[in-house]
Protein chains: 4
Amino acid sequence: MSSKYKSLKEECYEANMQLNALDLVVYTFGNVSAVDRGNGVFAIKPSGVPYETLKPENIIILDYDNNIVEGTMRPSSDTKTHSFLYKNWEDIGGIAHTHAKFSCAWAQAQKDVPIFGTTHADHLTTDIPCAPPMSDDLIEGNYEHNTGIQILNCFKDKNLSHKEVEMILIGNHGPFTWGKNAAKAVYNSKVLEVVAEMAYLTLQINPEAQRLKDSLIKKHYERKHGKNAYYGQ
Amino acid sequence: MSSKYKSLKEECYEANMQLNALDLVVYTFGNVSAVDRGNGVFAIKPSGVPYETLKPENIIILDYDNNIVEGTMRPSSDTKTHSFLYKNWEDIGGIAHTHAKFSCAWAQAQKDVPIFGTTHADHLTTDIPCAPPMSDDLIEGNYEHNTGIQILNCFKDKNLSHKEVEMILIGNHGPFTWGKNAAKAVYNSKVLEVVAEMAYLTLQINPEAQRLKDSLIKKHYERKHGKNAYYGQ
Amino acid sequence: MSSKYKSLKEECYEANMQLNALDLVVYTFGNVSAVDRGNGVFAIKPSGVPYETLKPENIIILDYDNNIVEGTMRPSSDTKTHSFLYKNWEDIGGIAHTHAKFSCAWAQAQKDVPIFGTTHADHLTTDIPCAPPMSDDLIEGNYEHNTGIQILNCFKDKNLSHKEVEMILIGNHGPFTWGKNAAKAVYNSKVLEVVAEMAYLTLQINPEAQRLKDSLIKKHYERKHGKNAYYGQ
Amino acid sequence: MSSKYKSLKEECYEANMQLNALDLVVYTFGNVSAVDRGNGVFAIKPSGVPYETLKPENIIILDYDNNIVEGTMRPSSDTKTHSFLYKNWEDIGGIAHTHAKFSCAWAQAQKDVPIFGTTHADHLTTDIPCAPPMSDDLIEGNYEHNTGIQILNCFKDKNLSHKEVEMILIGNHGPFTWGKNAAKAVYNSKVLEVVAEMAYLTLQINPEAQRLKDSLIKKHYERKHGKNAYYGQ
């Protein structure tokens, strides 16, 4: 594989394999992409290829208008959602989509995941948003492209920043997450799944459970992400 | 093992071992068969043999009237359900039966699994049917044969096609799934289990959760199975 | 290890290791024994020894009056429950006790596990009994011996046979299971845990779920255990 | 690594790795420390370092005033909670903190874990306490130090002894556990998680489930921890 996109393909491949290792997908129900901003292209998993047989050289390279730049296989059926987000959010480096069970259950319940504890607040300061299902004309049109529009509209309606909230649930469908690179997007998929499971259990134990109070949200977020952050190396 | 059914036995063996690898069975609570339409026979797991000791040469070959064509062991106790379905649905190539926990829980609850999301709609466009438990005379008669009748009656009553809906729950019992071959039947058992778990979780989070709307069901099913499908290679 | 009880110790050791392999215990929260009727002794796990370091030669041999016949370690703290059952039920060959989570949850809920499906009916024809917690004087007296009395009283009160029902829950404590040998006792612990989980899920999906009807209970039990049984080899 | 704290670092390292092996953490969401009372120092995990790359020589040594004695990395962000507890409870030897899911769910529900059965009573005789979330001024002040104050206040308010109850939940956050050494602290984290899961399941099966009665609590605790204890070797 002598390609100028070799390292991009490898980053994308490794992130897709992590999705599988972290128990976030069964069969081929998920996909991760990674972007190369300098060359204006992104790498994505080929559609329907099992993880056991996936190889770095199977990864597809496309531009933001969904033209294939390199690769012989058909890209993920969700490709147009990825390209739409890369075009609109110029500072993200990777995107992940899964059908992980707790994330999907909240999406199917059409509920935001409430911020109940510090595991959640270590990563974001708001509920995890659930976008409503799309209108029929958006579904029947350019569906995957319009999924991207739905994500942007939800962030606009709820006044959220994609730099602070790196995850969303699409109602009746499942999660999309993103980050500075593909590995961080996958990390966010795992965090979302863990937080979604804890929130589910919390409400089973106490249906009247209260959201985390503002001072604690702020404290936990700041110690990890604030300008005086002291978490990590 | 020099047998004209060598490859059929191996297909059947591999599919049974997958059942185990996919965490769909404990002990011997499940069985898979594979059919050879040209020779008018099918292969099935021997009854009560643990997966750790199962070998391809243990697989039993029978005709559609349940006569043993090859094999020294007793076939699965559910054999007559398999033969009945092969006789009546001439276009299926494999059948799987498990006691997977979420599938069985819905069967024991005697509820169809509602279509709540795209994970479900990627595979079928209706609720997953749950056949009512059999009448006493059917149970006391030729039970496993009559289980096949119960399946066909349920599909007739609900106006379903076995080519579009490749799975069913038998009330108070558990799931049967089928497909073009044994591997696809096992795949459908896993999909059913995943969808059954997600639907369970969805209702725990929101007891008023709504079914997926028609436009979205159609979109997801068509992109994977329609004449302009663009999922997979 | 040259001992006349070498094979008994090995049977007991293997069964204890299975408990661990089948995910029925954490740490040392469980124990299995095996009996040698000819010599009037039984073998049991030493108390509090982790499975990672347990060896066949650590197994303790006792008579039915709890005198140590062979072995240098202290036997399981539940030993007197085992000896009591061996003394009173002369046809059983092994006993297992675990703190498996779904079994314990039903015991803590002080509820019999209802017979909801064929997975249950393949093994027994009644609900799985939950004995009430013991009276204070039985607890403060010879506790583990009295646990045996509690088990026998429960079977008498509910008119159950220990040859047909090889499992019980002790209220607020957990399960005891038995069988023709130690391996069968462990098998029954796993079956109980699986059936307890399915029953829990069934009631979550449908709180009004109905017990399996009599004809189906009889059919499934007979095909596996009746005189014309056709399950297994 | 030639250091006078070599064995302390190794004890701390092994305990942190156990947290991971026992499925109590994802990513870096947890930390364990071990104390050396003779030298007046403790060892703790460096902040945000993944378990796959963690090495014994990365472990940080600090005194009880949080001064780094040895180590080049930044210690766990929760370090001040550990030092506060070591200073105030002079007889403990190790502390563990996790974000295990059932423990966190009870913490997020702000509920004590009721003592429902003998699995719980084998380890402590009271409900597992859940401290209320801190007041805003404590949160905005020296947060991790104040988490220690919150723990001590909760034990004082509920009249509990840290020698008998080696675990607590911090409301909306998660569990802290301790013990005679780091391994025992980790053991207590696992016990708490198991007991928290069983209590959750118990209430799902029977919302009216009753606490274990006093005689049984006493019996089980005494046989393992009383002066005539007969559990273990």
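Everything quoted here is computed from the prediction, not taken from an experiment. Within every chain, numbering begins at 1; the chains are lettered A, B, ... in the order of the sequence lines, protein sequences first and strands thereafter.
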Using heavy-atom distances under 4.5 Å, tell me whether [X] contacts chain D through its side chain, its backbone, both, or neither.
{"X": "A:Q210", "result": "backbone"}
{"X": "A:E197", "result": "side chain"}
{"X": "A:L22", "result": "side chain"}
{"X": "A:K218", "result": "neither"}

Using heavy-atom distances under 4.5 Å, tell me whether [X] contacts chain A through its side chain, its backbone, both, or neither.
{"X": "D:L203", "value": "neither"}
{"X": "D:T28", "value": "both"}
{"X": "D:S103", "value": "neither"}

Do D:H173 and A:F116 have ring centroids that are under 6.0 Å from one another? no
Can you find a heavy atom in the side chain of A:Y200 that is under 4.5 Å from one in the side chain of D:K101? no
So do the side chains of D:V49 and A:Q233 get within less than 4.5 Å of each other, counting heavy atoms only? yes
[X] [atom1]: over 12 foreign heavy atoms closer than 6.0 Å:
{"X": "A:N159", "atom1": "CG", "value": "no"}
{"X": "A:K190", "atom1": "NZ", "value": "yes"}
{"X": "D:K111", "atom1": "NZ", "value": "no"}

What distance separates [X] [atom1] from [Y] [atom2], expressed to the nearest 0.5 Å?
{"X": "A:N206", "Y": "D:Q108", "atom1": "CG", "atom2": "CD", "value": "11.0 Å"}
{"X": "D:N172", "Y": "A:T118", "atom1": "CG", "atom2": "OG1", "value": "8.0 Å"}
{"X": "D:S77", "Y": "A:D122", "atom1": "OG", "atom2": "CG", "value": "7.5 Å"}

D:D78/A:R223 ion pair, N-O < 4.0 Å: yes
Identify which one of A:H120, A:H123, A:H220 satisfies the ring pair (Phe, Tyr, Trp, His ring centres under 6.0 Å) criterion when paired with D:F29. A:H123
Begin with the C-alpha distance, continue with both residues' side-chain angles, and end with the deciding distance and a verdict on side chain to side chain donor-acceptor pair (under 3.5 Å) for D:Y143 and A:E222. CA-CA 12 Å; D:Y143 175 66; A:E222 293 292 321; over 6 Å; no
Using a 3.5 Å distance criterion without hydrogens, assess whether the side chain of A:K213 forms a donor-acceptor pair with backbone atoms of D:M134. yes
